[in-house]
Colleague: 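I am attaching a structure below and will ask some questions about it afterwards.
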Amino acid sequence: MDFAPPVIIKDAEIVLHLEIDVPQKNRQRFLEFCGRAFPVYESIGNAKMTLYEDTVKPGRFNEVGYYRTLEDYKRGEHAIRNDPAQARLIEEWRTLLNGQPKVTVYRRVNEPKPAP
């Protein structure tokens, strides 16, 4: 399957936010996990994963997935549910969290144009 060049964040049509809390005892394992898992998630093509940490509350993270198109996002979600390797990663990820993730998916809208 041919994919376009790597996703440039400003070109992402769909942005996935996973707001999570990671206990301090799991912090290092979580960071190592992201280092292993992000390339797998990105391997479906046209996706870029990025990790942010709250500047005030260490251990509060926002995993952000940037997808070039809605179809790319749907393909990634399908892989998480149906690819055994990705499903195992999601199971492992959940063991590192404190509580449930807050999941939000946004679609880019064109900026409103000023009235003439």
Colleague: Under 3.5 Å, is there a donor-acceptor pair between the side chain of Asn82 and the main chain of His78?
Modeller: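 Checking the backbone N and O of His78 against the side chain of Asn82, a donor-acceptor pair under 3.5 Å is found.
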Colleague: Is there a donor-acceptor contact under 3.5 Å linking the side chains of Asn98 and Asp21?
Modeller: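 No.
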Colleague: Could you state the interatomic distance from OH (Tyr41) to CD1 (Ile80), rounded to the nearest 0.5 Å?
Modeller: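 Atom-to-atom, Tyr41:OH and Ile80:CD1 are 6.0 Å apart.
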Colleague: About how many Å separate CZ of Arg60 and CD of Glu19, when rounded to the nearest 0.5 Å?
Modeller: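 If I round to the nearest 0.5 Å, the distance is 5.5 Å.
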Colleague: Side chain of Arg108, backbone of Ala12: donor and acceptor closer than 3.5 Å?
Modeller: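 Yes, the answer is positive, given that a donor and an acceptor are paired below the 3.5 Å cut-off.
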Colleague: Against Trp93, only a single residue in Thr95, Leu89, Leu97 fulfils side-chain contact (heavy atoms from CB on, under 4.5 Å); can you say which?
Modeller: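 Only match with Trp93 under side-chain contact (heavy atoms from CB on, under 4.5 Å): Leu97.
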Colleague: Determine whether a donor-acceptor pair (N or O, by modelled atom type, separation under 3.5 Å) exists between the side chain of Glu13 and the backbone of Tyr67.
Modeller: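 Such a contact is absent between Glu13 side chain and Tyr67 backbone.
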Colleague: Over 60° means perpendicular and under 30° means parallel, so classify the ring planes of Phe30 and Phe33, tilted if in between.
Modeller: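 Answer is parallel, since the angle falls under 30°.
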Colleague: Evaluate the side-chain proximity of Glu92 to Arg88: yes if any heavy-atom separation is below 4.5 Å, no if none is.
Modeller: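 Heavy-atom side-chain distance check fails, nothing below 4.5 Å.
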Colleague: Can you tell me how far the SG atom of Cys34 sits from the CG atom of Leu96, to the nearest 0.5 Å?
Modeller: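 Answer rounded to 0.5 Å: 8.5 Å.
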Colleague: Does the distance from a Lys or Arg side-chain N to an Asp or Glu carboxylate O, for Glu53 and Arg27, drop under 4.0 Å?
Modeller: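 Salt bridge present between Glu53 and Arg27.
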Colleague: If I take atom CG from residue Asp11 and atom NZ from residue Lys48, how far apart are they, to the nearest 0.5 angstrom?
Modeller: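 Result: 14.0 Å between the selected atoms.
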Colleague: Examine distances only and state if a side-chain atom of Asp72 and a backbone atom of Thr69 form a donor-acceptor pair shorter than 3.5 Å.
Modeller: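 At least one qualifying donor-acceptor pair exists.
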Colleague: Step by step, work out the side chain to side chain contact (heavy atoms under 4.5 Å, CB included) result for Val103 and His17.
Modeller: CA-CA 6 Å; Val103 180; His17 287 266; over 6 Å; no
Colleague: If I take atom CZ from residue Arg68 and atom CG from residue Asn46, how far apart are they, to the nearest 0.5 angstrom?
Modeller: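 Arg68 CZ to Asn46 CG: 5.0 Å, rounded to 0.5 Å.
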Colleague: Measure the shortest side-chain to side-chain distance between Gln86 and Ile44 over non-hydrogen atoms and say whether it is less than 4.5 angstrom.
Modeller: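 Of all side-chain heavy-atom pairs linking Ile44 with Gln86, at least one is under 4.5 Å.
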Colleague: Is Tyr106 reachable from Ile20 through a run of I, L, V, M, F, W or Y residues, each pair having side-chain heavy atoms under 4.5 Å apart?
Modeller: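 Ile20 and Tyr106: separate clusters.
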